[in-house]
Enquirer: 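Quick one: the structure is below, and I'll ask about it shortly.
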Amino acid sequence: MERLFPRISLLSNGKFTLPYCNCLWIEDDINCLVDSSPPEEDWQWISDHRIDLIVNSHGHSDHCSRNFACPEAQVLMHPAEHERVVNGEIYLRDYGFDLFPDDSVRPHYLAAVKYAPRQANGEIQDGQTISTGRVSFKVLGLPGHSAGHCGFLFPEQGFVFTADINPDAKPFFAMLDSDVDDFINSIERLRNLNPEFLITGHGPALVKGNISKRLAAYRDILFEQEEKILALLNTGKRTIRDLAKEAVCYDGRLPQPQAVYYIHECMMDWKHLQRLERLGKVIQEGEHYYLAPGQRSVLQTLG
Ligand SMILES: [Zn+2]
């Protein structure tokens, strides 16, 4: 626990350890937890306090796993996230387990990510201001990672809690309702806000200095991945599964456990292909994807 401002503390171990995330603890007239999957030692500390309100950035387990342990708290999150936090089968469906089934992974996944169903009590929407008494913050709809993914702008303190928009990591958009164009627009929205610093959901929480440049580099990862996918299509890769073996979204090597990350990679390649289709660069026939007419010669010119 680290006090950042009067009444606002950061719960973080500074590491990329799933299924945990960096959370904020606001001790005010209304005691509020922003995201609820803090590292174990922080949870031990915070669970001795009265928690009135939990505001979740989105419905992934590594951001809301302790909601179930706070029956007295009001839980708020964007309505696009509500279904998957109450039904494990929907959670698995949303992560692509029905589209890319793997019986070696599915039975273990929910326990591994500490999935614990807990219904939300209410909704948050873009532009809404939440006040806990003396602290207030504004909801920023930042979709792309998932449809209901939100950040939180603390205007008096000059920072945005960005959850899973994290320039120190790679973009993750492996849900049925993820969208690469939305992700790009959300990054641009953050750049235009020009905050003094960010608090991200994983790893070292505070991102200070060169924020616009770092967010641009983070956005550019998406464009670079799409160039790689176009190049792979040009070499004759045709299906999502063929493309996924190349692990474009994981720098060519799937992390462990590979069976899980293979499903994430399939979903993200599919999301890239959907955008490339919208841009007219790729065409789909059944399960096969092809470069659109004209794209092959563009790639050859580029060498
Ligand atoms: Zn997430």
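Counting from 1, the numbers follow the sequence of the chain as shown. Note: hydrogens, waters and symmetry copies are ignored here, and every other heavy atom, side chains too, is used. We count ligands from 1, going down the list as the structure has it; atoms in each ligand are counted the same way.
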Enquirer: Is the Zn ion (ligand 1) less than 2.8 Å from at least one N/O/S atom of Asp164?
Expert: yes
Enquirer: Please work out the angle at the Zn ion (ligand 1) defined by atom NE2 of His58 on one side and atom NE2 of His145 on the other, rounded to 10°.
Expert: 100°
Enquirer: Look at Asp179 together with Lys271 and state whether they make a salt bridge at an N to O cut-off of under 4.0 Å.
Expert: no
Enquirer: In terms of side-chain geometry, is the basic nitrogen of Arg253 or Asp251 positioned less than 4.0 Å from the acidic oxygen of its partner?
Expert: no
Enquirer: Taking just the N, O or S atoms of His60, which one is nearest to the Zn ion (ligand 1)?
Expert: ND1
Enquirer: Determine whether the side chains of His58 and Asp164 contain a donor N or O and an acceptor N or O closer than 3.5 Å.
Expert: yes
Enquirer: Compute whether any side-chain donor of one residue and acceptor of the other, for Ser146 and Glu81, lie under 3.5 angstrom apart.
Expert: yes
